[in-house]
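A quick write-up on the structure given underneath.
Quantities reported herein were computed from a predicted structural model and do not represent experimental measurements.
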Amino acid sequence: MTETVLESQSLTKYFGKTVAVDHLNLEIPRGCICGFVGRNGAGKTTAIKLMLGLLKPTIGSSKLLGCDSMALTPVIRQRIGYVTEGHRLFRWMSIGRLEKFQRAFFQKQWDERLFADMLEYFGLSKKQKIKHLSNGQRAQVSLALALAPNPELLIMDDPTLGLDAAIRRQFLAGMIELIMREGRTALFSSHILGDVERVSDRIVVIDKGRLRANCTLEQFRNSVKKVKVAFADRAPTEFEIEGLLNCRRSEKELELVLIGTDSNRINEWAKTVGAEKYQIVQMNLEDQFIEYTAPASKGKLFRWEEI
Amino acid sequence: MFDKIRLIDLMGLWVQISPGSDEPVYVQVAEQISEAIARGELSSGDKLPPVRKLAAELVINPNTVARAYSRLEQAGLVVTKTGSGTYVSDPKLRKADAADFNILTERMDTLITRGLNLGLEQQDLIEMFKTRVEKFTKK
Amino acid sequence: MRFLAILRKELRECLPWIVLATAVLFVFGYVELFERTIPQNIDYRYRLFSPSNDVYPFDLTKRSLLAGMGQLLLVVSIGLGLAMGIRQFWVDHYAGTWGFTVHRSVNREKILSAKLTAAAIGFVVSIGAIWCLLFLYASKAPNFYVPPAKRIFFEGWVYIVSGLVVYSAAALAGLSTVRWYTTKIFGLAFAAIVLFVMVFQWRLSYAFLALLVGIFVLVVQITQTFLNREF
Amino acid sequence: MKKDGTLRHLAVISRIFMTVLILLILVAIGQLIIGEMLFAHYYAAREQQEKLKADARMRIATSQKRILPDGSIHLANRRGYSRAGTDYTKFQVYDVNDNLVWEGIQKDMPYEYLDWAQNLRNSCSDERMRELKTITSEFSRNLDIPVNSEERTEEVWRYDEQKDIFVGYRYRQGGGKIGYISSVGFTELKSEAKPFGKSRLFSSWVPQNSFSPMLLWQTDHRFYQINFEEHNVSLLFESTESEITFIRTHNWPSLSTSKKESSSIDYRPLIHCLTNDGKHWLIMWQPEQRLTVVLPEGLHSRSISATATKDSILLRHEGRELMPPELDYRKSPNQWQKYFREYRSKDRKEWIELYKVDDEGQLELVSRFDWIRPAAPVTDEIQEKATAPHRFVTAFSPPLYNVVWWIFHDKLMELTTYRGYRGSGEFVRGIVEATRWSLPSSWYWNWIVSVATVSIAFRHGWSRRTSLARFIAWLAFVGAFNIAGLLTYLALNHTTVIKCHHCSKARGLDQDQCVRCGTELPVPIQGKLDLMFCA
């Protein structure tokens with residue numbers, strides 16, 4: 001079992017009465033890209049801040065690179081790269097000064113050539129002030145800043161929020177480039193599942209502060225299935241199938257969302273229930289995620305009844 | 001020799017990833033490479049681009065590329081020599097298993113249903129199929 | 001080396017305010033002092049008494065020539081204290097750069113001490129230097145016929161240190177995350193009380209003592225809140 | 001680690017101190033305002049005390065006792081009023097056996113009464129001087145005595161507190177020091193100047209022929225007259241053994257200026273000084289003469305005033321029946337209050353004596369007159385301590401005040417009542433006065449209110465408590481500080497509370513187990529549908 005980079009034991013944080021992160025037990029192995037996926041307000045940012053020791057957990061604890069995140073020593077923090085949500089940097093600094101400021105904290109570790117190359121690739125000059133940069137450019141700068149010290153663990157909090165496709169692609173390329181080097185891990189939270197699918201090995205789904213899934217992308221893709229079953233006469237109201245997450249009935253049809261049941265199990269079940277025909281719907285990651293976290297059990301948002 | 005290397009370098013360009021599609025990414029990569037082999041752009045003995053290069057090229061995770069290669073290897077289309085990379089295997093060794101066949105039949109069914117919907121006759125369909133097959137097997 | 005980097009950054013952030021305070025103090029201070037040394041102001045400063053009548057002791061105790069200067073010094077140091085307190089603790093919090101500031105390969109005490117030393121340097125260098133300069137100008141023989149008492153120089157420093165009390169109060173208000181009406185406003189109220197006590201002291205040592213107690217109480221709370229990651 | 005522990009304790013303590021200080025002040029201000037409103041409303045209705053009916057004895061008691069040069073005593077009563085300079089006060093003068101001798105207005109008063117030595121007019125005590133040094137928002141002030149000519153100031157002499165000397169500066173362009181004026185007089189060098197000594201009092205006036213003020217400077221043991229124009233210092237009086245209690249001057253050449261018209265009696269300039277050990281010193285000029293007078297038993301040294309004419313030296317003593325000394329106000333103010341009312345409501349004997357002092361300081365009684373001061377019921381019935389609004393308002397002040405007041409009683413009382421030289425500054429006395437005002441007058445109500453606040457705190461804290469000891473400490477704190485304590489507790493202990501899923505009672509978040517049913521915070525059940533596969 002490879003060494004775990006980040007683990008948390010029943011990590012919980014209450015903001016006033018509402019729970020932001022609820023007993024998170026997480027383990028992320030070294031050497032993978034892990035996608036933090038969750039709906040808005042599911043507690044992704046809070047979880048990341050808790051793990052980085054920026055916030056004090058109400059209960060439980062978390063470990064980063066083997067050291068408790070409340071007592072992260074400067075040496076360990078030096079090996080962690082963190083991109084804040086919204087790429088917040090000091091607006092009054094110019095890029096050159098910001099680089100000089102950051103370099104003071106990473107003496108030997110700082111890879112100047114890489115930083116210069118990235119800036120040149122992004123087409124940014126060192127004299128530009130951060131406040132004059134657009135969102136995308138600021139994101140590029142913070143990516144360059146995060147990758148330059150060649151961190152062992154890179155944590156990005158929603159890096160691709162509101163960026164155009166090209167910059168997003170550069171972010172993903174940057175992460176992959178980091179992963180290439182031996183023993184590096186990247187953990188990034190995102191809303192664009194296309195990126196997550198393209199880049200991440202493992203996926204962590206957080207829903208309402210609770211950990212819903214922590215597996216490799218492939219396992220997640222294989223296990224979430226949607227089956228459309230058509231019946232000759234009336235669709236049965238009660239039925240029993242293992243791994244049923246959610247089902248929608250219409251007059252003659254049943255739409256089931258199954259987790260983890262393999263196809264021949266479905267085949268047998270269809271025969272026992274006497275379905276006329278059934279069809280496993282191919283779903284991409286986004287649909288799977290939506291089914292998994294926000295099943296439309298209450299029916300569609302907008303219904304068009306024929307008059 | 002020159003064009004072959006170029007070909008292989010260009011290999012990355014031929015594989016198009018559409019993350020939003022139904023199949024997982026590694027399936028897409030594997031499919032497109034096997035199609036390229038079927039089409040003959042990759043003849044046996046060619047060297048596939050190394051995992052890291054293809055990953056960097058396509059901006060996808062190296063593990064996915066590695067998994068795609070292993071899937072191709074199971075299908076026997078590709079053979080990996082340790083240390084020097086992966087090469088297209090010669091056709092005799094290729095073995096297909098049942099899973100490939102029913103994927104094939106599935107694809108055929110969708111083709112046929114689409115054709116019938118267009119109002120084509122059975123005869124025309126067979127005719128069309130014959131011409132396409134010849135195009136492939138001519139070389 | 002890292003501490004210096006943060007210190008330079010903090011100083012750079014508060015630089016506009018420090019420069020502004022120095023400029024205001026110097027310009028207005030000089031004008032105020034110069035105005036006092038104009039002949040018609042200084043010659044008729046003491047009341048002329050007509051013979052054989054009583055003199056109320058109060059007439060003999062004149063407002064010191066540097067009185068206007070004192071008010072200006074107090075206002076400038078309080079203003080600078082507020083501005084730096086807000087700039088260092090509030091802007092980071094509301095602009096969201098807090099994560100970026102704190103996630104550094106240096107422990108939190110150093111970050112806080114960098115901020116506090118930046119404030120102290122800002123105060124002592126900018127306002128302190130100007131105050132010494134102006135006091136020197138005032139106590140040079142030709143300007144004021146009667147040089148101001150030595151004691152006033154130290155009272156000037158009392159005002160400067162009171163600016164630090166207001167700075168730490170603003171910092172505490174920025175740091176405490178509880179609702180506005182509980183401990184957020186109390187920091188500033190406490191600073192007001194300390195200033196009130198300071199103003200009524202007639203022994204310099206008591207005034208400094210009151211200020212030091214105020215600063216100690218506030219800084220202890222700031223460090224504790226800053227370190228235990230309440231925000 | 002340990003440092004963190006102490007830091008946390010220090011932070012908690014300083015936060016509590018800060019909050020309770022602010023809230024105490026707020027509560028005090030609230031009490032003051034509400035108290036005043038209630039007081040005005042509640043007592044406006046009651047009419048004033050009815051006027052004291054004028055009886056003969058009261059007239060005698062309240063009359064001014066004036067003494068003629070030959071020793072006979074007249075009682076002068078003022079009638080009418082004096083308004084805006086025009087003096088309509090009519091005087092009725094009676095002699096010793098109460099028959100009217102003269103009546104009329106002040107100006108054409110036929111008799112010439114003796115004039116006694118008085119305290120220095122408009123003098124500035126050392127406490128007032130200390131006030132000069134308060135750091136107001138405009139720096140402290142200094143004592144500058146200008147030496148003026150007809151139209152401008154020539155020199156300015158500044159008093160230097162540390163060294164207790166005056167430093168002179170030329171007051172024109174170029175400035176520069178002139179020299180130092182100290183107890184040894186004018187000196188060029190600073191080293192020769194010897195300080196005056198701790199200054200107690202000074203008074204200033206402008207003599208006839210000059211335009212710059214002269215100073216009478218009194219320190220603990222000495223009394224100087226400083227003339228800045230001629231740069232000379234004359235030592236008028238010195239008492240080596242004990243400190244000076246007060247100094248009175250009479251007919252001092254420059255002091256007695258044009259105010260009074262020249263009186264027929266030719267007084268000799270006199271300084272009458274009383275020292276702490278009860279000795280009276282009389283220093284007279286023209287001719288030069290010094291006398292120390294030791295009072296016989298029974299004469300109250302404070303109510304002695306003296307005057308000296310060319311031929312005789314006279315002492316006047318106003319005596320009255322004193323309260324028994326053993327009842328000292330500081331020990332038990334309530335009993336003293338009760339006794340004082342009782343003492344005031346009895347008739348008391350009072351008398352006035354005139355003594356002639358011979359050259360050796362022996363006293364010889366010349367004339368005496370005594371009378372009875374009728375009982376005057378205590379008018380200040382409205383003892384501001386006992387009013388109902390005050391009782392209600394101070395019910396909210398912390399019981400701790402009572403405890404502190406009871407423990408440090410003497411020291412605090414000294415601060416407020418005894419205006420000693422060494423009394424504290426105005427600021428400290430203000431605070432003590434305020435706390436004295438807000439002392440809970442009825443401890444009964446006070447305890448009720450504080451118990452109420454403790455119960456509120458208890459109800460609030462019971463579900464939030466983590467460690468019992470800290471909870472009890474907080475309850476004690478609230479009890480001690482009453483309403484301010486409760487507000488502090490609420491301000492600092494407002495941790496959020498959620499319903500415990502097990503026993504559905506309120507449960508503090510920072511508690512590990514729910515206080516009542518001991519269950520942990522709800523752990524989300526691991527849904528079987530969650531995909532938990534580690535690599």
Side-chain angles (χ1 to χ4, degrees), chain C residues 39 43-58 60-64 66-71 74 141-142 144-149 151-152 155-156 158 178-179 182-183 186-187 189-190 193 197-204 207 216-218 220-221 223-225 227-228, chain D residues 4 7-8 10-11 14-15 17-19 21-22 25 121-124 128 130-146 148 151-153 156 158 169-176 202-213 254 257-258 425-427 491-492 494:
Chain C
D43 285 350
Y44 304 103
R45 176 163 147 73
Y46 292 96
R47 235 163 59 89
L48 302 175
F49 298 98
S50 52
S52 71
N53 67 354
D54 280 340
V55 170
Y56 291 106
F58 198 68
L60 294 176
T61 57
K62 271 263 160 288
R63 235 163 58 113
S64 100
L66 294 171
M69 181 65 199
Q71 279 170 336
L74 190 60
F144 286 42
Y145 301 160
V146 178
R151 194 187 140 78
I152 289 186
E155 278 163 21
V158 166
V178 282
R179 283 165 300 286
T182 48
T183 47
F186 278 6
F190 182 69
I193 292 172
V197 164
M198 169 205 90
V199 166
F200 279 104
Q201 293 309 321
W202 54 274
R203 274 207 196 87
L204 269 177
F216 175 76
V217 163
L218 289 170
V220 159
Q221 287 178 53
T223 11
Q224 201 258 341
T225 325
L227 293 187
N228 81 346
Chain D
D4 178 39
L7 179 72
R8 210 162 51 75
L10 272 183
S14 52
R15 185 171 299 136
F17 165 72
M18 180 174 88
T19 326
L21 185 71
I22 296 167
I25 292 173
R121 253 204 317 283
N122 59 52
S123 62
C124 163
R128 278 287 293 121
R130 213 184 294 137
E131 243 100 70
L132 306 187
K133 288 196 282 184
T134 50
I135 315 168
T136 61
S137 70
E138 304 160 338
F139 296 133
S140 55
R141 293 164 175 256
N142 315 89
L143 184 61
D144 300 344
I145 292 99
N148 312 347
E151 65 291 330
R152 61 185 295 281
T153 16
V156 164
R158 162 159 297 168
Y169 298 92
R170 247 171 253 96
Y171 202 70
R172 49 174 168 60
Q173 195 58 19
F202 78 87
S203 160
S204 53
W205 75 98
V206 181
Q208 269 98 0
N209 42 27
S210 95
F211 294 93
S212 49
S254 41
T257 51
S258 62
E426 192 55 43
F427 181 71
L492 295 183
H494 203 74

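For D:S137, the parts lying under 4.5 angstrom from a heavy atom of chain C are both the backbone and the side chain. Of the two parts of C:L74, only the side chain, counted from C-beta on, holds a non-hydrogen atom closer than 4.5 Å to a non-hydrogen atom of chain D. Interface remark: C:I152 contributes backbone and side-chain atoms alike to the contact with chain D (heavy atom separation under 4.5 Å). Proximity to chain C involves both the backbone and the side chain of D:F211, based on heavy atoms less than 4.5 angstrom apart. For a residue to count as touching a neighbouring chain, one of its non-hydrogen atoms must lie under 4.5 Å from one of that chain's; by this rule C:P148 touches chain D with the backbone only.
Neither side chain, C:Q201 nor D:T134, offers a donor N or O lying under 3.5 Å from an acceptor on the other. Between D:R141 and C:S64, the side chains place no donor N or O within less than 3.5 Å of an acceptor N or O (distance only, hydrogens not considered).
In this structure, C:R151 contributes its side chain and D:F139 its backbone to no donor-acceptor pair below 3.5 Å.
The choice from D:S210, D:S140, D:A11 that makes the most heavy-atom pairs within less than 4.5 Å of chain C is D:S140. For the set D:L10, D:N142, D:T153, the count of heavy-atom pairs under 4.5 angstrom toward chain C peaks at D:N142. Top candidate by heavy-atom pairs under 4.5 Å with chain D, chosen from C:L218, C:I193, C:T223, C:L204, is C:I193.
Side-chain contact between D:S204 and D:C124: absent, with no pair of heavy atoms (C-beta onward) separated by less than 4.5 Å. Between D:R15 and D:T19 there is a side-chain heavy-atom pair separated by less than 4.5 Å.
How far OH of D:Y169 is from CG of D:D144: 9.5 Å, rounded to the nearest 0.5 Å.
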